[in-house]
Protein chains: 2
Amino acid sequence: MNIGDVAKASGLPAKTIRYYEEIGLIRPQRGANGYRAFRDTDLHKLAFLGRARALGFSIADCRNLLQLYEDDSRTSAEVKEIARGHLDEIDAKIRDLSEMRRTLAALITACAGDNRPDCPILDGLAMEQPT
Amino acid sequence: MNIGDVAKASGLPAKTIRYYEEIGLIRPQRGANGYRAFRDTDLHKLAFLGRARALGFSIADCRNLLQLYEDDSRTSAEVKEIARGHLDEIDAKIRDLSEMRRTLAALITACAGDNRPDCPILDGLAMEQPT
DNA sequence: ATAAGGGTTCCAGTGACAGGAAGGTCAAGG
DNA sequence: CCTTGACCTTCCTGTCACTGGAACCCTTAT
C-alpha cells in the first residue's frame, strides 16, 4: 500500500503519517522506487494512533501505548495508569475551561451589546467594576 | 518601573512582557540605560492582558479587545461579539473534551488494571473488541 | 509525448511563550 | 575602588503536532 491508500484507510493525512515515521512511531518499508510500502501491521498501528490521538493522548503517551500494545508481557495496570493520568489531565482542562466559561458568560450577560461604549466585559478585564 | 516590578505587579513573567512588547501589544518607553521604563498605563494594559489571557482569549482577540478598550467610540456590541465568539470556542472545547472523557472513562472502567496483559483500553484503541 | 495524479524530500510557519547564553547596569558592602 | 549579586538587555533555540508549499521524481492513461 502507498501512503495515499493508508491515509484513506486510516483517516490520517499523509503529512501526519510521514511525520509519525519521522519521529519513529512507525517504520514502513520502502519499495524500489523509494515509495513507502505499508503493510497491514503499519496500517493497524496508524489506526491505533489515530484513535489514541482522538482521545487526546499526547504523542509520548501514544508511543508508550503502542509499545505496550506490542508487548505480550505488558500488564493492564501499566496501560491503565497512562489512561488514568490522561483522564486527570482531561478533567483538569474541563475544570479550567468551565471556570473560564462561567466568568465569561457572566460578563457577556451583563453586557448590553448595543451601540453605546459602556461595557462590563471591558470593565471586568480592566478590573474597573463599579463597587 | 522596571520589568521585574511590573512582572510582580501584573503577575506576568518578564519573558511574557518582553514578548508582548515584541508583538506590539505594549510600547514601554526606555530609560537612558536601555531598560524598559513602564508607566502606569503599561501596567494597566498588562493586567488587562493577563486577565484576558486567563479567560482564554487568543492574542489576536486580546489585541482587538485592548484596542476597543482604548477607543472611546467603541460600541459594547463589538466587544460582546468577540466575547461570544470566544465563548463558543470554549463550549466547543468542553464538548470535545467531555466526549473524550466519556469514552476514556468507559475504557478505564472496563480495565482490570492488574498484572495480566488483557486490556480493554488497548483493545478499544486497536478496535479489537470482542463482538 | 504528455498530462494528471500519485509519490519524495526539505524548509518554513503555527501559538504563545520558556530556557538559556553572553553580556551590560546598578546598589550595597568591604 | 572593587567586588558581589541581583537586575536588566538581546539573541537563539525549543516546545507540540502537525500544515503548507516548493521543487522534483514516478506511474499510468491517453
Side-chain angles (χ1 to χ4, degrees), chain A residues 1-39 42-43 45-46 48-66 85-86 89-90 93 96-97 100, chain B residues 1-38 42-43 45-46 48-66 85-86 89-90 92-93 96-97 100:
Chain A
M1 294 176 91
N2 284 344
I3 199 168
D5 309 314
V6 180
K8 263 177 218 151
S10 68
L12 296 172
K15 278 273 186 191
T16 298
I17 297 173
R18 292 196 191 96
Y19 173 67
Y20 287 172
E21 180 188 16
E22 189 188 329
I23 63 173
L25 287 179
I26 52 168
R27 302 188 187 282
Q29 295 177 325
R30 294 292 179 133
N33 53 12
Y35 288 16
R36 288 168 183 83
F38 295 87
R39 292 155 302 175
D42 297 317
L43 180 51
K45 280 198 206 178
L46 287 168
F48 182 101
L49 287 169
R51 278 184 286 266
R53 293 287 299 134
L55 286 181
F57 283 102
S58 69
I59 291 287
D61 279 348
C62 287
R63 197 184 299 272
N64 291 329
L65 289 171
L66 205 51
H86 181 46
E89 286 171 15
I90 289 178
K93 278 187 195 169
D96 288 352
L97 285 169
M100 282 182 199
Chain B
M1 294 175 92
N2 283 345
I3 200 167
D5 309 314
V6 180
K8 261 177 222 153
S10 68
L12 295 171
K15 279 272 184 191
T16 298
I17 296 173
R18 292 195 192 96
Y19 174 68
Y20 286 172
E21 181 188 16
E22 189 189 329
I23 64 174
L25 287 178
I26 52 168
R27 302 187 185 284
Q29 295 178 326
R30 295 290 180 136
N33 53 9
Y35 287 16
R36 288 168 184 81
F38 294 87
D42 297 316
L43 180 52
K45 280 198 206 181
L46 287 169
F48 182 101
L49 289 168
R51 279 185 286 267
R53 293 287 300 133
L55 285 181
F57 282 103
S58 69
I59 291 286
D61 278 348
C62 286
R63 195 184 300 271
N64 291 328
L65 289 171
L66 205 50
H86 180 47
E89 286 170 15
I90 289 177
K93 279 186 194 169
D96 289 352
L97 285 169
M100 283 182 198

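The sequence lines fix the lettering, A, B, ..., with proteins before strands; numbering per chain opens at 1. Quick caveat, the model's predicted, so the values are computed rather than measured. Computed over heavy atoms, backbone and side chain alike; hydrogens, waters and symmetry mates excluded.
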Check your understanding: Less than 4.5 Å apart, any side-chain heavy atom of A:P28 and any of A:E21?
Key -> yes

[N] OP1/OP2 closer than 4.0 Å to side-chain N/O of [X]:
{"X": "B:Y19", "N": "C:dG15", "result": "no"}
{"X": "B:R30", "N": "D:dC8", "result": "no"}
{"X": "B:R36", "N": "D:dC8", "result": "no"}
{"X": "B:R18", "N": "C:dA18", "result": "no"}
{"X": "B:N33", "N": "C:dC26", "result": "yes"}
{"X": "B:S58", "N": "C:dG15", "result": "no"}
{"X": "B:T16", "N": "C:dA16", "result": "no"}

Whole angstroms only, please: what is the [atom1]-[atom2] distance between [X] and [N]?
{"X": "A:I3", "N": "D:dT27", "atom1": "CD1", "atom2": "P", "result": "16 Å"}
{"X": "A:E22", "N": "C:dA12", "atom1": "CD", "atom2": "C1'", "result": "13 Å"}
{"X": "B:L25", "N": "C:dA16", "atom1": "CG", "atom2": "C1'", "result": "11 Å"}
{"X": "B:D5", "N": "C:dA27", "atom1": "CG", "atom2": "P", "result": "13 Å"}

Point to revise | Touch class at under 4.0 angstrom, heavy-atom based, for B:F57 against every strand present | key: nothing

Practice item. Using a heavy-atom cut-off of under 4.0 Å over every strand shown, decide if B:I23 touches base, sugar-phosphate, or nothing. Key: nothing

So how far is it from [X] [atom1] to [Y] [atom2], rounded to the nearest 0.5 Å?
{"X": "A:I3", "Y": "A:Y35", "atom1": "CD1", "atom2": "OH", "answer": "11.5 Å"}
{"X": "B:M100", "Y": "A:I90", "atom1": "CE", "atom2": "CD1", "answer": "6.0 Å"}
{"X": "A:L43", "Y": "A:I26", "atom1": "CG", "atom2": "CD1", "answer": "10.0 Å"}

Exercise for review: Give a yes or no on whether a donor-acceptor pair under 3.5 Å exists between the nucleobase atoms of C:dG24, that is its base, and the side chain of B:Y35.
Suggested key: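 A donor-acceptor contact between them is present.
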
Point to revise | Passing option when A:R53 is tested against A:D61, A:L12, A:I59 for side-chain contact (heavy atoms from CB on, under 4.5 Å) | key: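 It is A:I59; the other options fail the test.
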
